[in-house]
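Have a look at the structure below before the remarks.
Everything quoted here is computed from the prediction, not taken from an experiment. Reminder, nothing fancy here: chain letters follow the sequence lines and each chain counts from 1.
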Amino acid sequence: LLLVGLVARTAGTRCHHTAHFGTAGTPRSELYVPVGGISAVAETLILLHYVELRSKLFQLISLFKVREGAFDPANRQFVITDNGIVVGEPSESVEAILSGMPRWAARTDALPSSEDGKGQTPEGTRSCGMNNSLTVLIVEDEFAIADLLEMALTDEGCRVV
Amino acid sequence: MRATYGRQALQRLAEEPGPDPVITDFMMPVLDGAGFLQAMRSTDGHREVPCIVISSMPESKSARASTGMQLSSKPFQLTEVIQMVAAILGRSDGDSA
């Protein structure tokens, strides 16, 4: 797992309407800023990291810090394509990424209800929301985009064979 | 179900039960999206499969009317594609009711 911290627009440059943009890599999987003291002057910290799932590498992006403001810390997959950057929806299907041992999270909404048993799914498959199931055929020669689509559709509960 | 080009997608359709929606790129090797959609539409059992095309190719817009597909332009928003799939699911529910 590789973590890369990006530092964008320090507080000292705000009044000059300029932005400094720096990068720093870390060889370890722990969540830490590898440049001492930089957090005091950085206004925004962005994390870029890789995660290996199903023998594939996925690239994720997430906000680590935004000064004076609330922010969404969700991990989102992002892909650089010939047509630009595609940023995915927050992925709740993968957890423990920063532990170095990511895994697919259990879908609590797919668990059978104790009252009616709705939502029960065969082992190894996922059911689509709204008590239905869809099998989707993805035809795409860019593997990164196909992976992004598959992850998003799986997140939504669509059946992946 | 996944395929990396149109010809392979046709093979997948022949080997396995039909998918509910198809999400396809337009510019692909071996058999492009237009050829794949045309071949799929001429195959029994797959004429009515809903299609979502994700492409930056202007030709895909002109093909939209002839195939009845939905179109999402690259770079695309995942939410838009998910909403299209959800709309297809809703329509299927309505058809079966």
Side-chain angles (χ1 to χ4, degrees), chain A residues 54-56 58-61 72 74-94 109 118 122 124-161, chain B residues 1-13 15-33 35-37 40 46 49-57 72-94 96:
Chain A
R54 292 176 180 166
S55 301
K56 295 178 185 176
F58 296 90
Q59 201 165 14
L60 303 179
I61 188 169
D72 179 3
N75 282 307
R76 297 167 186 265
Q77 188 184 7
F78 90 104
V79 180
I80 300 173
T81 74
D82 291 342
N83 302 300
I85 293 175
V86 179
V87 177
E89 291 302 297
S91 177
E92 297 178 351
S93 60
V94 182
D109 57 347
K118 288 181 179 177
T125 65
R126 297 173 182 220
S127 72
C128 201
M130 295 177 278
N131 287 329
N132 206 327
S133 63
L134 285 179
T135 301
V136 182
L137 172 59
I138 299 171
V139 190
E140 173 62 73
D141 60 333
E142 290 190 59
F143 291 107
I145 291 181
D147 289 342
L148 187 66
L149 285 167
E150 181 177 336
M151 180 178 279
L153 290 165
T154 303
D155 241 12
E156 291 297 318
C158 289
R159 196 163 66 95
V160 177
V161 179
Chain B
M1 298 172 68
R2 276 175 59 165
T4 51
Y5 47 84
R7 185 72 65 196
Q8 189 180 47
L10 290 174
Q11 291 170 352
R12 297 300 303 271
L13 288 174
E15 294 167 356
E16 298 186 25
D20 298 291
V22 170
I23 301 175
T24 181
D25 191 10
F26 206 75
M27 193 169 69
M28 296 180 291
V30 186
L31 181 64
D32 64 11
F36 163 63
L37 290 173
M40 188 182 76
H46 296 122
V49 174
C51 296
I52 298 171
V53 173
I54 300 175
S55 176
S56 58
M57 298 285 290
S72 183
S73 299
K74 285 184 178 178
F76 62 96
Q77 295 290 326
L78 267 177
T79 48
E80 182 185 14
V81 177
I82 297 300
Q83 285 169 356
M84 287 178 176
V85 173
I88 289 170
L89 176 60
R91 198 165 60 213
S92 297
D93 284 348
S96 60

Using the side-chain hydrogen bond (donor to acceptor under 3.5 Å, both in side chains) criterion, which residues pair with B:Arg7? Sequence neighbours excluded.
none
Sequence neighbours excluded, the answer for side-chain contact (heavy atoms from CB on, under 4.5 Å) partners of B:Gln8 is B:Ala3, B:Thr4, B:Tyr5, B:Gln11
Testing B:Val30, B:Asp25, B:Asp32 one by one against A:Asp141 for a side chain to side chain contact (heavy atoms under 4.5 Å, CB included), which residue passes?
B:Asp25
Hey, does B:Met28 have a side-chain heavy atom less than 4.5 Å from the side chain of A:Val139?
yes
With a 4.5 Å limit on heavy-atom distance, are the side chains of A:Leu137 and B:Ile23 in contact?
no
